[in-house]
Amino acid sequence: MCVKPSLTWTVGLAIATVSLLATSARADRPYTDITGTNYWNNVAPLYDGVPIDPDIIARTTQLNQDAETAFAACNDAIAQFEQQNPAVTPRRFARQPLPAPPTPEACVRLEELRTQAETLRATLADLERSRPNPALRSW
């Protein structure tokens with residue numbers, strides 16, 4: 001009659017003992033041999049960085065020049081519109097709002113160049129992420 005409870009106690013103590021031994025045997029922290037300042041016993045070479053494609057540099061330069069001219073043209077178009085239409089005020093309390101003034105063509109071109117610049121910036125960020133960090137290279 002006493003066999004079943006003692007068998008249960010034996011199995012339970014065995015499981016508890018095995019689990020305690022297994023948890024103490026796991027390797028949480030690596031204990032490496034750090035007897036010197038250099039772990040690898042040799043210095044990994046720092047390779048020269050991969051040069052940027054000259055096409056990307058030319059595209060960036062051209063985009064900057066086009067954006068400068070489009071910005072100046074947009075500012076001139078806005079100033080000219082304000083001189084021609086001094087009565088247009090930003091506040092008008094009426095049931096029917098004033099029609100929005102037409103967007104100058106130079107400002108539309110400037111917005112297109114801005115989206116191209118964002119696309120180019122994303123491309124450059126992808127290139128930068130794909131390049132390995134020379135400080136983290138190992139043999």
Side-chain angles (χ1 to χ4, degrees):
M1 293 194 101
C2 232
V3 174
K4 190 170 184 180
S6 67
L7 184 61
T8 305
W9 274 98
T10 307
V11 171
L13 283 175
I15 290 173
T17 305
V18 167
S19 65
L20 286 174
L21 289 175
T23 56
S24 65
R26 69 178 178 193
D28 282 340
R29 298 166 46 200
Y31 294 104
T32 57
D33 180 23
I34 12 175
T35 56
T37 58
N38 193 354
Y39 287 80
W40 295 91
N41 294 331
N42 57 5
V43 178
L46 295 177
Y47 302 104
D48 292 333
V50 180
I52 297 176
D53 186 19
D55 182 43
I56 291 177
I57 295 172
R59 186 173 153 201
T60 304
T61 306
Q62 184 64 36
L63 187 64
N64 286 338
Q65 291 171 353
D66 291 347
E68 287 176 5
T69 57
F71 181 74
C74 182
N75 277 344
D76 293 341
I78 290 172
Q80 183 181 9
F81 178 79
E82 287 175 349
Q83 286 178 355
Q84 291 174 355
N85 302 320
V88 176
T89 59
R91 293 186 85 139
R92 180 174 172 249
F93 299 103
R95 291 183 183 255
Q96 298 297 324
L98 286 174
T103 305
E105 193 64 35
C107 295
V108 172
R109 175 70 179 142
L110 183 63
E111 183 63 24
E112 290 172 359
L113 289 172
R114 187 189 64 78
T115 57
Q116 287 179 10
E118 286 179 357
T119 305
L120 182 62
R121 187 176 297 126
T123 303
L124 289 175
D126 289 341
L127 282 174
E128 189 65 30
R129 265 187 256 122
S130 68
R131 296 169 89 186
N133 187 353
L136 301 177
R137 288 185 180 163
S138 62
W139 291 76

Report the distance from atom CD of Q80 to atom CD1 of I78, rounding to the nearest 0.5 Å. 11.5 Å
Please determine whether a side-chain nitrogen of the Lys or Arg among R109 and E112 lies less than 4.0 Å from a carboxylate oxygen of the Asp or Glu. yes
Rounded to the nearest 0.5 Å, what separates atom CD in E105 from atom CG in L110? 12.0 Å
Q116 CD to R59 CZ distance, which is reported to the nearest 0.5 Å: 7.5 Å
When hydrophobic residues are tied together by side-chain contacts of less than 4.5 Å, even through go-betweens, does L124 share a cluster with L63? yes
Correct closest heavy-atom pair for A106 and C74 would be CB-N, 3.7 Å
Quick one: CD on Q65 to CG on L113, what's the gap to the nearest 0.5 Å? 12.0 Å
Would you say F71 and L120 are hydrophobically clustered, going by side-chain heavy atoms of ILVMFWY under 4.5 Å? no
Between L13 and T17, which heavy-atom pair has the shortest distance, and what is it? O-OG1, 2.7 Å
Rounded to the nearest 0.5 Å, how far does CD1 of I15 lie from OG1 of T10? 11.0 Å
